[in-house]
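What follows is one structure encoded as structure tokens, with my remarks underneath.
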Amino acid sequence: MSLLSLRQTIFSDHNLLWNRRISRMTILHLDASVRRTDNPVSGHNSISKQIAASFMDVWLTNAPQTTVIHRDIGINPPEFISQDWIAAAFTQEVNRTAAQRKVLALSDELIEEVMAADTIVISTPMYNYGLPAALKAWFDQVIRINKTFSFDLERGDFPLSPTLAGKTLVLITSTGEFGFEAGGVREAMNHLGPHIRVMSHYLGVEQTYEISAGYQEFGDSRHQASLKAAYSEAENLARSLTNRDQSIR
């Protein structure tokens, strides 16, 4: 085989491996706002959902073979966990009754989606300085003993450990006020991003990117500038994440 033929074969194999990797890429996309994006008055549309949609558009343009699992949990919220749910989760799988398996059916389905995902995209507004109830309900359904984390007192004062690994989280948030970032005037009031980062650790998230648009309640030039920056950051991040493995090669 000539050197030129060898190079062509290597290049062809590289493209084949890249295409196979792209085809295996899976995004779990969650929208948590109770607002839609098709309201008659555009000002009533969800900002976080629209920025996430822009991110996804760029991602799928760059990596069209990506599998996307999308749940709008703001419009279709998951059930809250219950005493029966907790009892079922802490019962060994082989000992669960049919009723307990039914109680955990939604949790099993949601966890399978998390396990399948390489990247998790969450868009969410800040409600009362924290998570929307539907997003907290989703986390409660998927952070589950012997599924996404293990518990062992032999680990001492930190007995919980995630069983998943290697996932990336893209968190897209919108806020009515401003200054919730590290060092900001409302940093101590931010119970959205920091809470999600802590919980996401137990879903195997090892790298987090956060994009935020603020000043919504003020509706002034600062809000418009924040929106413009968030859209730009989301689109650039989508390009970067879809190209990172290819550029490494």
Side-chain angles (χ1 to χ4, degrees), residues 7-33 35-38 42 45-76 110-125 135 138 142 164-175 181 192-193 196-197 200-201 203-214 224-249:
R7 285 176 175 171
Q8 288 174 334
T9 299
I10 292 172
F11 182 75
S12 177
D13 288 346
H14 170 274
N15 283 345
L16 180 60
L17 288 171
W18 171 245
N19 287 335
R20 284 176 178 172
R21 167 162 168 67
I22 287 291
S23 68
R24 288 197 298 268
M25 279 180 151
T26 299
I27 287 183
L28 174 58
H29 174 192
L30 304 174
D31 288 320
S33 175
R35 287 186 169 184
R36 303 191 310 273
T37 57
D38 60 352
S42 62
N45 290 338
S46 167
I47 291 173
S48 57
K49 283 181 179 178
Q50 291 179 98
I51 298 171
S54 181
F55 173 91
M56 292 302 303
D57 284 346
V58 173
W59 181 294
L60 292 173
T61 296
N62 283 18
Q65 302 92 336
T66 302
T67 298
V68 178
I69 304 168
H70 181 223
R71 283 185 180 267
D72 190 331
I73 58 175
I75 303 299
N76 299 293
L110 298 178
I111 289 172
E112 286 179 4
E113 294 174 354
V114 171
M115 289 179 171
D118 305 292
T119 299
I120 301 172
V121 176
I122 298 177
S123 79
T124 179
L135 183 54
W138 179 85
V142 297
L164 306 176
K167 299 185 186 299
T168 297
L169 171 65
V170 176
L171 177 60
I172 297 171
T173 66
S174 59
T175 62
E181 70 281 357
L192 178 61
I196 289 174
R197 286 172 181 264
S200 296
H201 172 67
L203 299 180
V205 169
E206 296 181 354
Q207 188 168 29
T208 299
Y209 300 90
E210 184 171 355
I211 298 167
S212 185
Q224 294 305 317
S226 181
L227 273 179
K228 183 178 180 180
Y231 274 106
S232 177
E233 189 176 352
E235 292 166 5
N236 288 336
L237 179 61
R239 293 187 190 96
S240 174
L241 291 180
T242 51
N243 291 332
R244 61 182 176 181
D245 291 334
Q246 193 172 28
S247 64
I248 290 173
R249 294 172 188 266

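Everything quoted here is computed from the prediction, not taken from an experiment.
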Could you list the residues that satisfy salt bridge (Lys or Arg N to Asp or Glu O under 4.0 Å) with R71, not counting sequence neighbours?
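Listed in chain order: E109, E113.
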
Check salt bridge (Lys or Arg N to Asp or Glu O under 4.0 Å) between E210 and all other residues, then give those that pass, not counting sequence neighbours.
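For E210, the residues satisfying salt bridge (Lys or Arg N to Asp or Glu O under 4.0 Å) (neighbours in sequence not counted) are R197.
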
Side chain to side chain donor-acceptor pair (under 3.5 Å) partners for [X], two or more places apart:
X: S212; value: T173
X: H201; value: none
X: T175; value: none
X: R239; value: N236

Residue list, side chain to side chain contact (heavy atoms under 4.5 Å, CB included) with D57, at least two apart or on another chain:
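Partners of D57 under the side chain to side chain contact (heavy atoms under 4.5 Å, CB included) test: none.
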
Partners of S48 by side chain to side chain contact (heavy atoms under 4.5 Å, CB included), sequence neighbours excluded?
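Per chain and number, S48 pairs via side chain to side chain contact (heavy atoms under 4.5 Å, CB included) with S33, S46, S123, P125, S174.
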
Using side-chain heavy atoms (C-beta onward) and a distance below 4.5 Å, is D31 in contact with T37?
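Side-chain contact under 4.5 Å: no.
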
So I27 and V170, do their side chains get closer than 4.5 Å, heavy atoms only?
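No, every pair of side-chain atoms sits at 4.5 Å or beyond.
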
Are K49 and D72 within salt-bridge range, i.e. N to O under 4.0 Å?
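So K49 pairs with D72 through a salt bridge.
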
If you look only at distance, which donor and acceptor atoms sit under 3.5 Å apart when one is on a side chain in residues 224-233 and the other is two or more places apart or in another chain?
| residue | atom | partner | partner atom | Å |
| --- | --- | --- | --- | --- |
| S226 | OG | G214 | N | 2.8 |

Step-by-step side chain to side chain contact (heavy atoms under 4.5 Å, CB included) determination, W59 to H29
CA-CA 12 Å; W59 181 294; H29 174 192; over 6 Å; no

Yes or no on side chain to side chain contact (heavy atoms under 4.5 Å, CB included) for T208 and I196, after CA distance, side-chain angles and deciding distance?
CA-CA 10 Å; T208 299; I196 289 174; over 6 Å; no

What residue pairs, at least two apart or across chains, pass salt bridge (charged side-chain N to carboxylate O under 4.0 Å, His left out) with a residue in residues 61-70?
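Listed once each, the pairs would be none.
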
